[in-house]
Every structure is written in structure tokens, then in C-alpha cells.
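Down below is the structure, laid out as C-alpha cells.
Whatever order the structure lists ligands and atoms in, that order sets their numbers, starting from 1. All values derive from a computational prediction rather than experimental measurement. Numbering starts at 1 and runs along the sequence shown.
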Amino acid sequence: MPSVLIIDDHAAVREALELLLSLHEIHTLTAATPAEGLAVLAREPVDVVIQDMNFSTDTTSGDEGVVLFRAIRQAYPDLPVILLTAWTRLETAVELVKSGAADYLAKPWDDAKLLTVLKNLLELAESQQAVRQHVAGQRRRLQQLRKAYDLQGLVFASDAMCRLLELACQVAHSPLPVLITGPNGAGKERIAQIVHANSAVRSGPLVAVNCGALPGELIEAELFGAEAGAFTGAAKARPGRFELADGGTLFLDEIGNLPLAGQMKLLRVLETGQFERLGSGRTRQVTVRVISATNADLRGMVQAGLFREDLFYRLNVIEVALPPLAERSEDVVPLAEHFLAGRGQLSDSARLLLPEQPWPGNVRQLKNAIERAVVLARDGVVTPELLGLSTTTAVAARCLDEPSQETIRSALQESGGVISKAAARLGLSRQALYRRLERYGMAVESGPAA
Ligand SMILES: Nc1ncnc2c1ncn2[C@@H]1O[C@H](COP(=O)(O)OP(=O)(O)O)[C@@H](O)[C@H]1O
Ligand SMILES: [Mg+2]
């Protein structure tokens, strides 16, 4: 139940308001003097204050209402205050609204109007509470993840990454193969490292092979090893990556590029742990956890006969799908700051524009953009121009249309604090509005008219 503090020296006013609010399921607290009012605030949680402007108890000051308002404002900057004022003092009340009072009502007040104002404020307080809870929940979730698992310094803030890491870390301990899918530069190799770091074989080696880097026979030699003279150029016998990864993890990057012959051999190792070096009849046995990654559409490749279906199912027991950076824009500014590493700071417009970019090269592209900008920045301030962000594109135009804090605040007020309504008014999704509230620090900020 919401609670409202009424500070007024007239018992009749207090009682009338108490009765009115109790009929609308609002809990009331009352105080007859400013001092008493401040004492109640120090003691009890209150959602809204309704305060008188004239107190007859103290004759030394003609402006006790103003003094009281300032005192509340200073001690509780987030607490909405409604002023009750005589017609003769309306001007003072209007001034105070400019300096942060939520609203004012002239005495004798109109019950319906008072209730509307009050209910809007209470709803707004409630939705701000919801935003705060959302932010706090996300923070807790991040902390829990970081506490429970070794995340290898990964930087992220988005819901999508939280979910993905929860999955990746949960399956990390099992010996099951993991397939990491996602576009280039999105961080697939980083995720593979995290899976290894949280696996049962984390004290074993983590060996990486890029299946796209070598043609046909050479990639097989790379994976399975070769005896001397097995093929042209194989002067010495050498072990393959499977042997090197024994007791640990083998990371097969760009698995979609593995030729069909190699795919068949790979399937056999996955099923039996057995293989032979090229040019050798001796069967070797290893225990290796396999993580593979691809930016290709393996399902489509299976359909087209370019990738073995049986291997696909073998590798894809657990799929960890890494979204492109553009689909987790909450990660962009934290990543940019991470890559800046204290060598500079983002300008406000860079902060606004960065998350709106398409980032076709994903995190790798962002990292390179920051590295370049740091070198070019004179005073350590990284601007959109230094980052090569176009300011004439549709994206930039969208940013110029970016609702200001003021617009967001009034949309919240006009929609009675209901987030979904305010979001619709602003042409934003609920999530997008939450993001902006967070970005502007409004989630933890204050009252509506502040
Ligand atoms: N969440 C992240 N936090 C910190 N660095 C990241 C993150 N994601 C990617 N990177 C960095 O971005 C670059 C590209 O990541 P990488 O794992 O190689 O991508 P992919 O394998 O998908 O092409 C690397 O330098 C990596 O360290
Ligand atoms: Mg990679």
C-alpha cells in the first residue's frame, strides 16, 4: 500500500485528506508542523508528501512552507512533494514547482484533481521502482555469474550475454561437444576459452586449430599428425592437434571449412577417440573435449551436401549462439570503455551513437575503431568523428531524434508513469526505454518534475 505524508497545521485539513485518501486505499501519515513532518520522514518510508505553505505555529518566519520544501528536497531529492497553497501565495508555489516540487493545488482543493495528481505520482514512483529493480536484478545476475564462474575478463552487460554465459558455463563441466555459432569478431573464441576455463579439463591444454587456414591434406596433417614422408613437404614426423590436446580441449575454429575427407576422420575421433597420423597404420587413442565454432550456416551446408549430417549432429549437441554485437547494444559502451583502458574517454555523442551503429565486424571492429581513435585523439576525448561514425547516416538522424531526458520525463508523466505507455508515446520499445533510463541515470533518479 502506498503511503503519503500530510504536513499541515490545520487538523481539519489533515483529517479531510486522511479520509479522502483512505477511501482510495492510500495509507496516510500526518504531521502538524514542519519539524514533525521531517521527523516522520526520517522514521518512515513515504512515497509522496503533501505539504501546506503557511504554518501558524511559528511567527518568526513568513516562509515556513518554502523552508520546509527546501529541507525535504535536500534530504530526499527523489521524493515528490505536492504543495497545498492559498490563492494569495500561488506565485510562490509556481516558483517552487520550477525548482522541483511535483505539483501544487490551491486551497480549497478539488478532490478529483488531487487524486489524479497523487495517483500519477504514485504510479510514476512505482514504475521507477520497477526500473530500479530491473537494473538491480541485472547487476545481481552479473555478479552471480562472475562469482560462480571464471569469465576470463569478458566484458558484457546485455541480457542476451547473461543468458548465453549461463548456458555456456552450465554445460562447460560436461564432456559434451559444444558448437559456438555467430558472426566473425563476435567473440566465439573468447567463449570457447571460457568453456574450457570452467570445464573439468581446465588444467589440461586448450589447443586451437583454424580449419579454414589450410587446404585439404594439410589440415588433416594438422589435426591428426603425420609420419615423415607422408606427403610432400612432411620431412619429419609430427603429432597432430588431437594428440597435443589429449586430456584437454580442442577448439576447432571455422569448422565449416573442413573438407569432407577430414570431416569423416573427425567424426571417427569424436565417436571413438581414435585416429591415425597420416602415413601411419598405428591407431592412437585420446580423450579430448571438442569445442567448434562457425560463422557459416552449417544446417544449410548439410542440406547442400557440403557438410556431413552425422558430424553436424555430433558437434552440435550443445549450440551456443552468439548474437551479433548490433543485437546486444547494451554491450557496446562497456566494451568501448574496456578497450579504451583508461587512455581516454568517450564524448557524450560517441556514447549515444556507438550503440546505434550496425557493427558488421562486431567486437573486433569496435576494438579496432577504438584503437585508432585513441591514437588520433588529441585531448583524450574520443568523438564520433574519430571513431569514423558517420553523422549523416540514417543512424545519426535517429540519434538526433533521440528523445531528451526532458522528453522522456514528460512522456512518463503524461502516461502516468506507466512504462509501456510512455514507451509507445516515444515510439520506443519497453526495453529501449529502460535502456535510455539507465543510460541517462534516470532509473535511480528522482521525482517527476525534478
Ligand atoms: N565480450 C568481450 N569482452 C572483451 N573482449 C572481447 C569480447 N568479445 C570479443 N572480444 C575481443 O574481440 C576480438 C574478437 O573476438 P573473437 O573471440 O576472436 O571473435 P570470433 O572468434 O567470433 O571471430 C578479440 O580481440 C576478443 O578478445
Ligand atoms: Mg574467431
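Ranking protein heavy atoms by distance to atom 26 (C) of ligand 1, first place goes to R190 CG, 3.7 Å. Looking at atom 14 (C) of ligand 1, its nearest protein heavy atom turns out to be R364 NH2, 3.6 Å. Protein heavy atom in closest approach to atom 25 (O) of ligand 1: K367 NZ, 3.3 Å. Nearest protein heavy-atom contact of atom 9 (C) of ligand 1 is V363 CG1, 3.4 Å. What sits closest to atom 1 (N) of ligand 1 on the protein, heavy atoms only, is V155 O, 2.9 Å. Here the heavy atom of the protein found nearest to atom 22 (O) of ligand 1 is K188 N, 2.8 Å.
Distance check for atom 4 (C) of ligand 1: a protein heavy atom is found below 4.0 Å.
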Check: Going through the distances and angles, do K119 and E126 end up as a salt bridge (Lys or Arg N to Asp or Glu O under 4.0 Å)?
Finding: CA-CA 10 Å; K119 282 187 174 166; E126 203 181 317; over 6 Å; no

Next item on the list: Determine, step by step, whether V286 and F275 satisfy the side-chain contact (heavy atoms from CB on, under 4.5 Å) criterion, reporting the C-alpha distance in whole Å, the side-chain angles of both residues, the deciding distance to 0.1 Å, and the verdict.
Entry: CA-CA 9 Å; V286 289; F275 62 95; 3.7 Å; yes

Checklist line | Steps toward side-chain contact (heavy atoms from CB on, under 4.5 Å) verdict (E44, S3) | finding: CA-CA 9 Å; E44 314 242 0; S3 82; over 6 Å; no

Checklist line | Verdict with reasoning, R190 to V363, per side-chain contact (heavy atoms from CB on, under 4.5 Å) | finding: CA-CA 11 Å; R190 295 291 299 245; V363 183; over 6 Å; no

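With a 4.0 Å cut-off on non-hydrogen atoms, A293 does not touch ligand 1 at all.
A salt bridge does not link E166 with R163: every distance from a Lys NZ or Arg NE/NH1/NH2 to an Asp or Glu carboxylate oxygen is 4.0 Å or more. A salt bridge is defined here as a Lys NZ or Arg NE, NH1 or NH2 lying under 4.0 Å from an Asp or Glu carboxylate O, and R364 with E189 fails to meet this definition.
Annotation: side chain of S347 is in contact with side chain of P384 (closest heavy-atom distance under 4.5 Å). Counting only heavy atoms from C-beta outward, the side chains of L223 and L252 approach each other to under 4.5 Å. Under the 4.5 Å side-chain criterion, counting only non-hydrogen atoms from C-beta, L96 is not in contact with R73. At a threshold of 4.5 Å between non-hydrogen side-chain atoms, the residues P205 and L244 do not count as touching.
Residue E189 has at least one nitrogen or oxygen atom sitting less than 3.5 Å from a nitrogen or oxygen atom of ligand 1, judged on distance alone. For a threshold of 3.5 Å applied to N or O pairs, the pair formed by G153 and ligand 1 contains no separation below that value. Among the atoms of M161, none of the N or O lies under 3.5 angstrom from an N or O of ligand 1. For ligand 1, the polar-atom distance check against D253 finds no nitrogen or oxygen pair separated by under 3.5 Å. In terms of N/O distances under 3.5 Å, ligand 1 is approached by G187. Residue H338 places no N or O, backbone or side chain, under 3.5 Å from any N or O of ligand 1.
At a 4.0 Å cut-off, not a single heavy atom of G182 sits close enough to ligand 1 to count as contact. Not a single heavy atom of A192 sits closer than 4.0 Å to an atom of ligand 1.
Under a 4.0 Å criterion applied to the non-hydrogen atoms of G185, ligand 1 contributes the atoms 14 (C), 19 (O), 20 (P), 22 (O), 23 (O). For ligand 1, the atoms sitting less than 4.0 Å from at least one non-hydrogen atom of P183 are 22 (O), numbered in the order shown with element in parentheses. Within the listing of ligand 1, atoms 1 (N), 2 (C), 3 (N), 4 (C) sit less than 4.0 angstrom from a heavy atom of L335.
Using a 30° and 60° split on the angle between ring planes, F224 and F242 fall in the parallel class, below 30°.
Residue R70 qualifies as open at atom CZ: its count of foreign heavy atoms under 6.0 Å is 12 or below.
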